Amino acid sequence: MSRMKNHEIEKLIERAVEAMKNAYAPYSNFRVGAVVVAKDGSIFTGVNVENASYGLTICAERAAIFKAVSEGVREFDTLVVVADTDSPVSPCGACRQVMAEFGNFRVILANIRGEYIETSVSELLPLGFSGDKLKQGKG
Ligand code: THU
């Protein structure tokens, strides 16, 4: 994992805050924005999208990752997630597992005041389940 400069991280947080405005969160009122930066430099944003059937809600992190994968991009360098929280927002377990599917990459947890924590998928999901043995082909 290459090091990322502070100002680059801050720029990505700004993009995630911008994306956050598109969050569809009429039930919780808790808006989340995410940005995933691929190894090839392409960028995908994501927001949480809630549903009247609560369990169908998708988190911002997974929305961003699924957007990237849908566009043929699977190799990630950095994922940024932001919300209006006192401390930087931390991803749910489901999102951690989805991140781990695509390897170990940098994860920036942030809040809208620009406070952030730099971590990684393997730090967020130590000893996680790996589906390697289940993979039959290239998928
Ligand atoms: N949520 C995310 O989008 N990402 C997180 O890291 C935490 C939770 C969403 C799901 C739901 O729409 C709302 O935040 C409240 O849980």
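Both counts, for ligands and for their atoms, begin at 1 and track the order of listing. Keep in mind that what you see is a predicted model, and the values were worked out from it rather than measured.
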CD (E115) with more than 12 external heavy atoms under 6.0 Å: yes
Intermediate values then yes/no, side-chain contact (heavy atoms from CB on, under 4.5 Å), D84 and R31: CA-CA 7 Å; D84 183 4; R31 293 166 176 271; over 6 Å; no
Parallel, tilted or perpendicular: ring planes of Y27 versus Y54, cut at 30 and 60 degrees: tilted
How far is [atom] from the closest protein heavy atom, and which atom is that?
atom: atom 14 (O) of ligand 1; answer: F30 CD2, 3.2 Å
atom: atom 4 (N) of ligand 1; answer: E61 OE1, 2.9 Å
atom: atom 11 (C) of ligand 1; answer: E50 OE2, 3.3 Å

Of the listed options C59, C92, A94, closest to atom 2 (C) of ligand 1 (non-hydrogen atoms): C59
Option set C95, P91, A60, criterion heavy-atom distance to atom 3 (O) of ligand 1, minimum: A60
V89-V121 co-clustered via ILVMFWY side chain contacts under 4.5 Å: yes
Protein non-hydrogen atom found under 4.0 Å from atom 16 (O) of ligand 1: no
Location of contacts on A83 toward ligand 1, heavy atoms closer than 4.0 Å: neither
Under 3.5 Å: N/O of N48 near N/O of ligand 1: yes
Check: N51/T57 side-chain N/O donor and acceptor closer than 3.5 Å: no
Heavy-atom pair of closest approach, residues V47 and A19: CG1-O, 3.0 Å
Salt-bridge criterion met for D77 and R106 (N-O under 4.0 Å): yes
Numbering as shown, the atoms of ligand 1 that approach S90 to under 4.0 Å (heavy-atom distance): 6 (O)
T57: numbered ligand 1 atoms lying under 4.0 Å from its heavy atoms: 10 (C), 11 (C), 12 (O)
